[in-house]
Number of protein chains: 2
Amino acid sequence: MEKQIDNHYRYLQQHFSYLIRQQALLPGEKLPSERDIGERFNLTRMTVRQGLQTLEAEGLIYRQNRRGWFVSPPAVVYNPARRQSFIEYVSSQGFEPSTDLIGVTVNPADARMAELMKVDKGARLLFLQRRRSIDGRPVLIEHIYINTALLPGIEKEDMSQSLTHLLRSKYGQAYHSMNLTFKSTALQEDAARELGAAAGLPGLHIERTNYDASGRVLELDYEYWRHDAVTIQIDVID
Amino acid sequence: MEKQIDNHYRYLQQHFSYLIRQQALLPGEKLPSERDIGERFNLTRMTVRQGLQTLEAEGLIYRQNRRGWFVSPPAVVYNPARRQSFIEYVSSQGFEPSTDLIGVTVNPADARMAELMKVDKGARLLFLQRRRSIDGRPVLIEHIYINTALLPGIEKEDMSQSLTHLLRSKYGQAYHSMNLTFKSTALQEDAARELGAAAGLPGLHIERTNYDASGRVLELDYEYWRHDAVTIQIDVID
DNA sequence: CGTTACTTCTGGTATAGACCAGAAGCAACC
DNA sequence: GGTTGCTTCTGGTCTATACCAGAAGTAACG
């Protein structure tokens, strides 16, 4: 008993949504081109695009700039309270994580960063930009600010590895507490481009501040996720 | 030093984004109609709509079905670990919360709900549908399933009030733990309509399971938020 | 063999119209 | 005074077409 659909783009949406749920289209698989779909269903490309955009908003498909539309793989579950590294939680869920280091610089803190990281203006901050992928699909851009004063020599380490592991092994320093903020919003132009997507992609912003036992800011982490790639899960116990 | 914008819709986006940040347009204020904007900037309505949609994706504006586009108020911060009721955390941030009860029914649990709530199939579940608003703007649809066996007589209470308060006062039963899941996705047709929006609205789904001290499921809560209305914030301490 | 240049395919952006459906205000009517 | 029905304004959907820009494959070239 399917509801009658009178909108063309909704019909498309339901059609592909059905195919994906039935696994007639598999994760990562490419959809036909917008023009092909339009021909097959006798619809204008604009209408086709509207249908595809609603599927994108639902998280069922995603696009790669000028390459095409693809079926979204299942979202990875991210449970921040577990203190697992990206590599740990992605691979434990049966996916293949990878990391590209986009940039490493050491910069003096400006007024804003100094306040956020509770350091003096001009303090040396290590700034990392990384792109992280799941099964080869870029899903996440990270901007990380590290307080070098608390972690001397860290700028000489391999920054494409897990920071969690690095801090554990080299500095014997487990994180003590963290503050997390999640916000659903569009991805900024830079982040979107580095994910191989057009700007305006629906995204999830995560802001994470990591503190040591004395309440000092070890690390400030901005994550920009493709919105279909992740589900957040948290347990709260009184 | 503004970057040169060569896309028309991006120009619009930047233009309104600027006006909103400068508070030349205030929260809740209505934008000119799509046709007016098109005339003023010499753009097609389709192009105008694309610009507005990117602003919507950013969370700067929202629409009400066939009424117009409006500037989004600041997002309310929702900190689930604090165990505050909607009324508490909204009003403590200087906004005016309100609740509409859309539906109350008592239904026997089907197979799926029985499993989720760890009850026998056919067990009586109280099902609530509520719409919650901030400063008169509908932001959230709630679907709540309550295990009546654990909370006898609860179906006779006023269900437009805070459940948190009700459980505290009438049943002396504080929640013990909860499991939370966040997912960025499009709002379902029903939820979108009840929020006065078109389907496909970018949204945030929150699924919350509340347990008592014995690990029994007191309440299962599905929340469908307008994505621009809320920011999630959590502190994690080891 | 590796590089370059061309061609083709893809989505990205934009124009110019059209008609529909719901929201809201208003005027006439009872 | 309240209801009814019309008009107007709004966004919602859709057609038909055009050109641009980046990705990818291919053929020619050194």
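We name chains A, B, ... by the order of the sequence lines, and we start the count at 1 in each one.
The closest side-chain donor-acceptor pair between Glu88(A) and His165(A) falls under 3.5 angstrom.
A donor-acceptor pair under 3.5 Å is absent between the side-chain atoms of Glu56(B) and the main chain of Leu52(B), judged by distance alone.
Computed from coordinates, the Leu31(A) CG to dC9(C) C1' distance equals 16 Å when rounded to whole Å. Between the C1' atom of dG11(D) and the CD1 atom of Ile61(B) lies a distance of 12 Å, rounded to the nearest Å. Distance, Glu39(A) CD to dT15(D) P: 14 Å, rounded to whole Å. Distance, Glu56(A) CD to dG11(C) C1': 12 Å, rounded to whole Å.
Between Tyr9(B) and Thr54(B), some side-chain heavy-atom pair lies under the 4.5 Å cut-off.
Taking CG from Asp135(B) and CD from Glu96(B), the interatomic distance works out to 7.0 Å, rounded to the nearest 0.5 Å.
Listed by chain and number, the residues in a salt bridge (Lys or Arg N to Asp or Glu O under 4.0 Å) with Asp100(B) are Arg131(B) (sequence neighbours excluded).
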Check: For nucleotides 12-18 of chain C, read 5' to 3', which letter fits each nucleotide if B means a protein heavy atom sits under 4.0 Å from the base, S means only the sugar-phosphate is that close, and - means neither?
Finding: BBBBB-B
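Remark: Ser33(A) is not in phosphate contact with dC9(C), judged by side-chain N or O atoms under 4.0 Å from OP1 or OP2.
Aromatic pair Tyr224(A)/His205(A): centroids less than 6.0 angstrom apart.
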